[in-house]
Novice: 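First, the structure itself, so that you have it in front of you.
In the text below, chain A, chain B and the rest are named by the order of the sequence lines, each starting its count at 1. None of the values given here were measured: they were computed from a predicted structure.
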4 protein chains.
Amino acid sequence: MQAQVSQTPSKRELQKEVRRNDIIDAGFEEFAVQGFTATKLDDVAVRAGIGKGTIYLYFDSKESLFQEVVRKNLFPMRDAAQIHAAEFKGSATELLTIHFQRMYLGLHQDRMPQLVAMIMGEASRFPDMADFFFKEIVSSNQELLQNILKKGMESGEFRDNFPVEFTQILMAPAMISAIWRLQFESHSPLDMDAYTQTHIDFVLRGLKADQH
Amino acid sequence: MQAQVSQTPSKRELQKEVRRNDIIDAGFEEFAVQGFTATKLDDVAVRAGIGKGTIYLYFDSKESLFQEVVRKNLFPMRDAAQIHAAEFKGSATELLTIHFQRMYLGLHQDRMPQLVAMIMGEASRFPDMADFFFKEIVSSNQELLQNILKKGMESGEFRDNFPVEFTQILMAPAMISAIWRLQFESHSPLDMDAYTQTHIDFVLRGLKADQH
Amino acid sequence: MQAQVSQTPSKRELQKEVRRNDIIDAGFEEFAVQGFTATKLDDVAVRAGIGKGTIYLYFDSKESLFQEVVRKNLFPMRDAAQIHAAEFKGSATELLTIHFQRMYLGLHQDRMPQLVAMIMGEASRFPDMADFFFKEIVSSNQELLQNILKKGMESGEFRDNFPVEFTQILMAPAMISAIWRLQFESHSPLDMDAYTQTHIDFVLRGLKADQH
Amino acid sequence: MQAQVSQTPSKRELQKEVRRNDIIDAGFEEFAVQGFTATKLDDVAVRAGIGKGTIYLYFDSKESLFQEVVRKNLFPMRDAAQIHAAEFKGSATELLTIHFQRMYLGLHQDRMPQLVAMIMGEASRFPDMADFFFKEIVSSNQELLQNILKKGMESGEFRDNFPVEFTQILMAPAMISAIWRLQFESHSPLDMDAYTQTHIDFVLRGLKADQH
DNA sequence: CATGAATGAGCCTTCATTCAT
DNA sequence: TATGAATGAAGGCTCATTCAT
């Protein structure tokens, strides 16, 4: 008579998952604004609307909460980019264009700029985190871009003498734009659409196969 | 008995200046490695070879010491760049090349990468500092580069349709290289000479006047 | 339908009693190993195979659980000793010998050494418990031993000038052996059979009626 | 002209030593009354009349303070006993008598009973401490007593069939008396002079060479 | 001027107890 | 009844800042 299917999570389990997410989101906000060290778990708790001790029912420590925050916010972007690239049918030029447009969308979503800035600034003091970040995010992105470059070189769209190991040169303006908006938006706002377009255009010019 | 001439600083004043500099240098090392929040004034004192209390004879607070550290380490680079650009006689292409080479030299000198990373990561939490950093360093650099661009456009070396307000696009790879080396050098080392050359070459290609 | 006779406990009441005992046993294990302060009710619950909140359905607080643990584990020993002494037919020498042998058996049973050590170390911080322990266990044991001594003095087996108020002198080696094994077994193990025999022999020599 | 002799500690160093001792003494009081786990460093600080943080200028942690407390309070007793035994000229019976009298004096001095009770109760949860205690105090005491026993056996004062490895049997009543006074003094006070005398007398009877 | 001992506010983490389900 | 999620007070420890020497 028990019609309870084991796959459907109980109401309680659902509630726990929701709560866990609330904490991650609250942590995201706080970490992004305050940075890791300066963030107080008290503030995270207040923002999540829970008691301070509750955080420890879901996470082992401040650091592990931080890892989850990074994970939850960066993985989807990475995965979406990979899937898109794998499925894309079209020229390398088009793919690179769309890939960069998507990168800008992701980087300026919500509090992503803060997250990026925080990781750049504090990762080196948490070797585990730098490790995790490099392996899960950075190298995957690098590889993705390298594949696009190789594709373009094979098709003759891109010059074949650009050193593919220096993908940083191509992506850097996107990262810097995120930091810029975080730090200097009030001093000198950035027209992101124009910036994005200029950046992509600049990259395509720089990669264009040499005339002869 | 004191025939002290007011213009020449007394031995005591010289001594004070030296001491002040020692503290700034020690602070630089510590802030660069640990970041602002994680740096202990105890460590700064030890590194400077003085007592902890002495710091407060020269600086009002941890934060004001930090400001001085930034000031002292970034001003010379900026000033040297400005002087060089003003005095340079030659093509815009050459000037831009040399300017970038100097920028890389400066950025990878000593602990500059850490300083850059730290500013990027923590500046937003110290509005005064972000302010100072923008006004004294960023905008000056931007202006300098814009002048080079305009010069090149006027001489016909560079295409005149690159939006000069987006100098970030041109400089970003240099900033990112500093951060990369700080965070990921152990995961994936960067050949800086090749990187620098590739970057400059890429920029020049991107700015090259259109063929017709 | 319920033909429940009030004198026979219902199945439910039996179940409650069983559950209560499970908790006490789990508490015993944990308190004995960790001590009172260091024991977490969480661990007790896990060991008892129940939820943490359930403990509060059976006990008012951690402290009251502790009292029950002590009560349940020391009463049987005390009662068995009293019954045995009351029923014993034989010489005082024999009775004392057997009484001590039983004491050793009890003291080294299971986790009794830990319980003894814990009471010795922590009882003073729980006046109620010290009270309870003194009234229910200590004084009863003292009285029992005093009765044996008096019996032996009357029968001429023991010298009559041993001050019966100092039964501690006779029992101490047994208590200390329990603590020794708990704390120093790894440093210097104790051959309990030989120790017991030596102790009893020593006591009998010390009590032996003077020669003349 | 500097007449400062390097051996004389400066006033500041003296002050530090005094302060260090104050903290140890305050810690002694608190640990003895509350036990290790229940003692708050706040309370130690208040008792020592200093700020909470000051403790950490002198000790690394609560546990290391505890070690110092034990060290400072137990070492003198141990050393004095060893010196006395080494210098003593007289019979083994006299030596043992005096040794025990001194042991009682030491054990009931100040807060020594509490310290003993605390070590007995909590040592097992701090393996380092149990280790330290066994090596520095227990085994030294055991050895000392064994030497006295051997001396008496050689001189014919004591029977030679008492197993010298079981010195616990001889010393236990002294330890137990300390605990008794701590826990049950209010329920049943102990006349320590009579107790001591009875114990020594009992031990000497038990060790007395057999008549023949 | 220089020192470093002293301070105490502040933060992460734990855990007995409560209570909605 | 039983559960275990939630709470928040409490404690060990850190560190910027002060101040007596």
Side-chain angles (χ1 to χ4, degrees), chain A residues 10-13 15-16 19-20 23 37-45 48-63 65, chain B residues 12-13 15-16 19 23 36-46 48-65, chain C residues 12 15-16 19 36-46 48-65, chain D residues 10-13 15-16 19-20 23 37-46 48-65:
Chain A
S10 71
K11 214 192 301 179
R12 203 142 211 197
E13 280 164 341
Q15 174 58 32
K16 279 202 72 166
R19 179 59 56 96
R20 189 184 148 84
I23 298 173
T37 317
T39 289
K40 290 172 270 182
L41 287 189
D42 254 325
D43 295 341
V44 175
I50 58 172
K52 188 177 12 173
T54 307
I55 294 173
Y56 285 86
L57 296 178
Y58 294 85
F59 304 93
D60 286 340
S61 65
K62 189 184 178 184
E63 196 165 343
L65 167 59
Chain B
R12 192 150 229 183
E13 279 164 338
Q15 173 58 31
K16 278 200 66 168
R19 176 62 55 96
I23 298 173
F36 178 80
T37 317
T39 289
K40 289 175 265 184
L41 287 190
D42 251 327
D43 295 342
V44 175
V46 167
I50 58 169
K52 188 176 15 170
T54 308
I55 295 174
Y56 283 86
L57 297 176
Y58 294 86
F59 303 93
D60 286 341
S61 67
K62 190 184 178 184
E63 196 168 339
S64 79
L65 168 61
Chain C
R12 191 149 230 183
Q15 174 59 31
K16 278 199 64 166
R19 176 61 55 97
F36 178 80
T37 316
T39 289
K40 289 174 269 183
L41 287 190
D42 250 325
D43 295 341
V44 174
V46 167
I50 59 169
K52 188 175 16 169
T54 308
I55 295 175
Y56 284 86
L57 298 176
Y58 294 86
F59 303 93
D60 286 341
S61 67
K62 190 184 178 185
E63 194 168 339
S64 79
L65 167 60
Chain D
S10 73
K11 212 193 298 179
R12 203 140 210 200
E13 278 164 339
Q15 175 59 32
K16 280 201 71 167
R19 179 58 57 96
R20 191 183 148 83
I23 298 173
T37 317
T39 289
K40 289 172 269 182
L41 287 189
D42 256 328
D43 295 343
V44 175
V46 168
I50 57 172
K52 188 179 12 172
T54 307
I55 294 174
Y56 285 86
L57 296 178
Y58 295 86
F59 304 94
D60 286 341
S61 66
K62 189 183 178 184
E63 197 166 341
S64 82
L65 168 60

Novice: How is A:Tyr58 classified with respect to the nucleic acid when contacts are heavy atoms under 4.0 Å: base, sugar-phosphate, or nothing?
Specialist: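 The residue A:Tyr58 makes sugar-phosphate contact but no base contact.
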Novice: Give one of base, sugar-phosphate or nothing for A:Leu41, where a contact means two heavy atoms less than 4.0 Å apart.
Specialist: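 The residue A:Leu41 makes sugar-phosphate contact but no base contact.
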Novice: Would you sketch DNA chain E in dot-bracket for me? Only Watson-Crick or G-U wobble pairs with both distances under 3.5 Å count, crossing pairs as [ ], other-strand pairs as |, the rest as dots.
Specialist: .||||||||||||||||||||
Novice: More 5' along DNA chain F: C:Gly49 or D:Asp60, using each one's nearest nucleotide?
Specialist: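 Result of the comparison: C:Gly49.
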Novice: Remember a base hit wins even if backbone is also touched, and classify C:Lys52 as base, sugar-phosphate or nothing at under 4.0 Å, heavy atoms.
Specialist: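 Result for C:Lys52 = base.
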Novice: Taking only side-chain nitrogens and oxygens of C:Arg19, does any of them come within less than 4.0 Å of OP1 or OP2 of F:dA2?
Specialist: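 Checking C:Arg19 against F:dA2: at least one side-chain N or O falls below 4.0 Å of OP1 or OP2.
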Novice: Pick the closest DNA chain F nucleotide for C:Gly53 and for A:Ile55 by heavy atoms, then say which residue is nearer the 5' end.
Specialist: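 That would be C:Gly53.
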Novice: Measure the NZ-NZ distance between D:Lys40 and D:Lys52 for me, rounded to the nearest 0.5 Å.
Specialist: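 Here the interatomic distance stands at 11.0 Å.
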Novice: A:Ile50 CD1 to F:dG8 C1': how many Å, rounded?
Specialist: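 Rounded to the whole Å, the gap is 12 Å.
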Novice: Which heavy-atom pair separates B:Thr39 from B:Val44 by the least distance, and what is that distance?
Specialist: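 Result for this residue pair: CG2-CG2, 3.8 Å.
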Novice: Can you check the B:Lys40 NZ to F:dC15 P distance for me, whole Å?
Specialist: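 These atoms are roughly 4 Å apart.
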Novice: Given atom CG of D:Leu57 and atom C1' of F:dT14, what is their separation to the nearest angstrom?
Specialist: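 One finds 11 Å between C1' of F:dT14 and CG of D:Leu57, rounded.
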Novice: Find the distance A:Tyr56:OH to F:dG8:C1' and express it as a whole number of Å.
Specialist: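 So the OH-C1' distance, A:Tyr56 to F:dG8, works out to 14 Å.
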Novice: On DNA chain E, compare the nucleotides closest to C:Phe36 and B:Gln15; which residue's is nearer the 5' end?
Specialist: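 The residue closer to the strand's 5' end, by nearest nucleotide, is B:Gln15.
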Novice: Along DNA chain E, 5' to 3', what are the outermost nucleotides having an atom less than 4.0 Å from a heavy atom of chain B?
Specialist: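 Using the under 4.0 Å cut-off, the span is E:dC1 to E:dA6.
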Novice: Where do A:Ile23 and A:Ala48 come nearest, in terms of heavy atoms and distance?
Specialist: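 Here A:Ile23 and A:Ala48 meet closest at CA-CB, 4.3 Å.
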Novice: Rounded to the nearest 0.5 Å, what separation is found between the OG atom of B:Ser64 and the OH atom of B:Tyr58?
Specialist: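 So the OG of B:Ser64 and the OH of B:Tyr58 are separated by 14.0 Å.
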Novice: Which heavy atom of B:Arg19 sits nearest a heavy atom of B:Ile50, and at what distance?
Specialist: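 Looking at all heavy atoms of both residues, the shortest contact is NH1-CG2, 3.6 Å.
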Novice: To the nearest 0.5 Å, what is the distance between CZ (B:Phe59) and CG (B:Leu41)?
Specialist: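 B:Phe59 atom CZ to B:Leu41 atom CG measures 11.0 Å (nearest 0.5 Å).
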Novice: Starting from the 5' end of DNA chain E, give me the residue, C:Asp42 or B:Lys16, whose nearest nucleotide shows up first.
Specialist: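 In this pair, the answer is B:Lys16.
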Novice: Counting C-beta onward and ignoring hydrogens, is there a side-chain heavy-atom pair between B:Lys62 and B:Leu65 closer than 4.5 Å?
Specialist: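 Answer no - side chains too far apart.
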Novice: Classify the nucleic acid contact of A:Arg20 as base, sugar-phosphate or nothing, counting any heavy atom under 4.0 Å across all strands shown.
Specialist: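 Touches nothing.
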